Amino acid sequence: MAQINLAPGTQYALAARRRRQRLFMLSILVMAVLLIVWGGLFLIERVFKQRLGSDQTALAALETEITRVGPDVSRIQLFEGRVQVLGSLLDNHVNWNPLLQELEKLLPPETVLTSLRAGVDNNTVDISGTTPNIDVVAQTLASLADQPDRPTVFSSGNVKSINRVTDKDEQGNITASYFTFNGTLEIKPSFWQTRGGL
């Protein structure tokens with residue numbers, strides 16, 4: 001039997017209704033996804049704002065602490081600078097004790113040194129002194145110079161001048177007679193290389 005559709009627009013209305021329902025469901029789904037994304041972004045923004053607030057509070061506390069300890073830090077930096085300068089001075093410091101002990105050990109008892117001038121740069125020691133006679137001057141330089149059987153810190157010595165000095169009383173009588181001398185002693189370079197003098 002043949003069917004007659006008495007309401008031909010009903011199928012179109014039904015199809016349109018189904019499309020509207022699908023479209024409505026899809027719109028609700030898209031809106032739900034957008035709401036979820038927006039809610040997530042809102043929560044992330046809130047968390048970051050809270051973290052930023054706590055970080056700013058911590059930064060302010062840190063700046064306050066830096067301001068409070070600033071003078072101490074300056075003193076510590078100045079102290080470290082002084083320690084570095086002191087370390088440099090100690091590294092470049094020359095200990096003259098071994099040299100002076102060698103002089104004291106080698107000088108004849110009759111010789112009295114009146115001046116001593118030494119420098120690391122030119123490896124020489126200029127000495128001035130007095131002795132009771134001229135032979136002691138030669139003995140003094142010989143005792144200080146390096147010998148094969150008796151090594152010293154000095155490689156050689158030279159006399160620059162020798163003068164006889166006589167002291168007289170008011171009547172012109174000689175009360176004392178002695179010799180003054182000036183000389184130069186060469187320090188062995190190995191003395192500084194082995195750091196014996198440092």
Side-chain angles (χ1 to χ4, degrees), residues 58-59 61-198:
L59 182 62
L62 187 60
E63 286 175 349
T64 304
E65 185 68 17
I66 289 171
T67 305
R68 185 183 68 78
V69 298
D72 293 335
V73 170
S74 297
R75 281 196 302 268
I76 290 170
Q77 288 173 337
L78 287 172
F79 178 74
E80 286 176 350
R82 286 188 211 124
V83 166
Q84 288 177 350
V85 169
L86 184 61
S88 174
L89 286 174
L90 287 175
D91 288 342
N92 296 324
H93 172 71
V94 175
N95 180 9
W96 293 100
N97 272 352
L99 190 79
L100 296 174
Q101 287 172 349
E102 192 79 8
L103 274 173
E104 182 182 22
K105 179 176 72 172
L106 297 174
L107 280 177
E110 303 91 7
T111 304
V112 176
L113 290 183
T114 55
S115 76
L116 179 118
R117 191 172 64 233
V120 178
D121 296 338
N122 59 3
N123 285 335
T124 60
V125 177
D126 294 325
I127 59 172
S128 299
T130 62
T131 59
N133 63 53
I134 200 162
D135 294 334
V136 177
V137 175
Q139 184 184 354
T140 299
L141 286 176
S143 69
L144 294 174
D146 194 26
Q147 302 293 326
D149 60 333
R150 186 185 34 78
T152 69
V153 297
F154 305 106
S155 59
S156 65
N158 299 324
V159 176
K160 290 182 180 177
S161 66
I162 299 175
N163 296 315
R164 182 181 178 155
V165 178
T166 54
D167 290 340
K168 297 180 181 180
D169 61 10
E170 294 161 3
Q171 287 81 23
N173 298 326
I174 296 176
T175 57
S177 178
Y178 55 92
F179 290 87
T180 62
F181 67 93
N182 294 312
T184 302
L185 300 169
E186 291 261 342
I187 303 170
K188 289 181 186 175
S190 61
F191 179 70
W192 305 118
Q193 291 168 356
T194 59
R195 299 183 67 82
L198 299 176

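Values in this document were obtained by computation on a predicted structure and should not be read as measured data.
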S.K.: From T124 OG1 over to I187 CD1, what is the distance, rounded to the nearest 0.5 angstrom?
M.R.: 7.0 Å
S.K.: Atom CZ in F179, atom OG1 in T111: separation rounded to 0.5 Å?
M.R.: 12.5 Å
S.K.: Quickly, which of L78, V85, L86 forms a side-chain contact (heavy atoms from CB on, under 4.5 Å) with R82? Name it, please.
M.R.: L78
S.K.: Say whether, by atom type as modelled, one donor and one acceptor occur between the side chain of S128 and the main chain of T114 under 3.5 angstrom.
M.R.: no
S.K.: Within a radius of less than 6.0 Å around CD of Q171, do more than 12 heavy atoms belonging to other residues, nucleotides or ligands occur?
M.R.: yes
S.K.: I'd like to know if the side chain of S74 and the backbone of G70 have a donor-acceptor N/O pair within less than 3.5 Å.
M.R.: yes
S.K.: Looking at side-chain heavy atoms only, is the closest gap between F181 and I134 below 4.5 Å?
M.R.: no
S.K.: Report, as yes or no, whether the 6.0 Å neighbourhood of atom CD on E65 holds more than 12 heavy atoms from other residues, nucleotides or ligands.
M.R.: yes
S.K.: Could you tell me the separation between the OG atom of S115 and the CG atom of N182, rounded to the nearest 0.5 Å?
M.R.: 7.0 Å
S.K.: Using side-chain heavy atoms (C-beta onward) and a distance below 4.5 Å, is K160 in contact with D126?
M.R.: yes
S.K.: Can you tell me how far CG of L100 sits from CG of L113, rounded to the nearest 0.5 angstrom?
M.R.: 10.0 Å
S.K.: Are the side chains of V125 and L116 in touch, meaning some heavy atoms are under 4.5 Å apart?
M.R.: yes
